[in-house]
Chemist: 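To start, I am sharing the structure in question, which I have written as structure tokens.
Because the structure is a prediction, the values reported are computed rather than measured. The basis for the numbers below is simple: all heavy atoms, side chains too, and nothing from hydrogens, waters or symmetry mates.
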Amino acid sequence: MTLSWVGFISISLIILCFFFTLNFIENLHEGDKRVAVQSKIAAIVCLGLSLLILLFILVNL
């Protein structure tokens, strides 16, 4: 039961990473540097958390 919730959270973080990456590219083209940097940091954090969660799942199998 817990594994399915952890997988769901990991997949949600990957989707958020994709969303923030697209926002980063959009804001970079518009020239809004502050929001672009914030989107880049959010994308990196989401990707890092999702990969750590997946690693946790793989180690505990």
Chemist: What distance separates N27 CG from R34 CZ, expressed to the nearest 0.5 Å?
Modeler: 9.5 Å
Chemist: Return the CZ to CD distance between F20 and E26, rounded to the nearest 0.5 Å.
Modeler: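 Going from CZ on F20 over to CD on E26, the span is 13.0 Å.
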Chemist: So, for S10 and S50, which heavy atoms are closest and what is the spacing to 0.1 Å?
Modeler: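 It is OG-O, 3.3 Å.
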Chemist: If you link I, L, V, M, F, W and Y whenever their side-chain heavy atoms are under 4.5 Å apart, who else ends up in the same group as I15?
Modeler: I11
Chemist: Please report the interatomic distance CG(L16) to CG(L47), rounded to the nearest 0.5 Å.
Modeler: 11.5 Å
Chemist: With rounding to the nearest 0.5 angstrom, report the CG to CD distance, N23 to E30.
Modeler: 9.5 Å
Chemist: Is I57 reachable from L13 through a run of I, L, V, M, F, W or Y residues, each pair having side-chain heavy atoms under 4.5 Å apart?
Modeler: yes
Chemist: What pair of heavy atoms forms the shortest contact from A43 to C17, and how long is it?
Modeler: O-SG, 3.4 Å
Chemist: Give a yes or no on whether L49 and V6 share a hydrophobic cluster (residues Ile, Leu, Val, Met, Phe, Trp, Tyr; joining criterion: side-chain heavy atoms under 4.5 Å apart).
Modeler: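 Yes, because L49 and V6 connect within a single hydrophobic cluster, where side-chain heavy atoms sit under 4.5 Å apart.
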Chemist: Find out if a path of hydrophobic residues (ILVMFWY) with successive side-chain heavy-atom gaps under 4.5 Å connects V45 to I9.
Modeler: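 Yes, V45 connects to I9 through the hydrophobic network.
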Chemist: How far does CZ of F24 sit from CG of D32, to the nearest 0.5 angstrom?
Modeler: 12.0 Å
Chemist: Has the side chain of S39 got a donor or acceptor atom that lies under 3.5 Å from a matching backbone atom of A36?
Modeler: no
Chemist: Does I44 reach the side chain of K40, with side-chain heavy atoms less than 4.5 Å apart?
Modeler: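 Contact flag for I44/K40 side chains = yes.
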Chemist: Give the C-alpha distance, both sets of side-chain angles, the deciding distance and a yes or no for side chain to side chain contact (heavy atoms under 4.5 Å, CB included) between S12 and F8.
Modeler: CA-CA 6 Å; S12 298; F8 176 75; 3.9 Å; yes
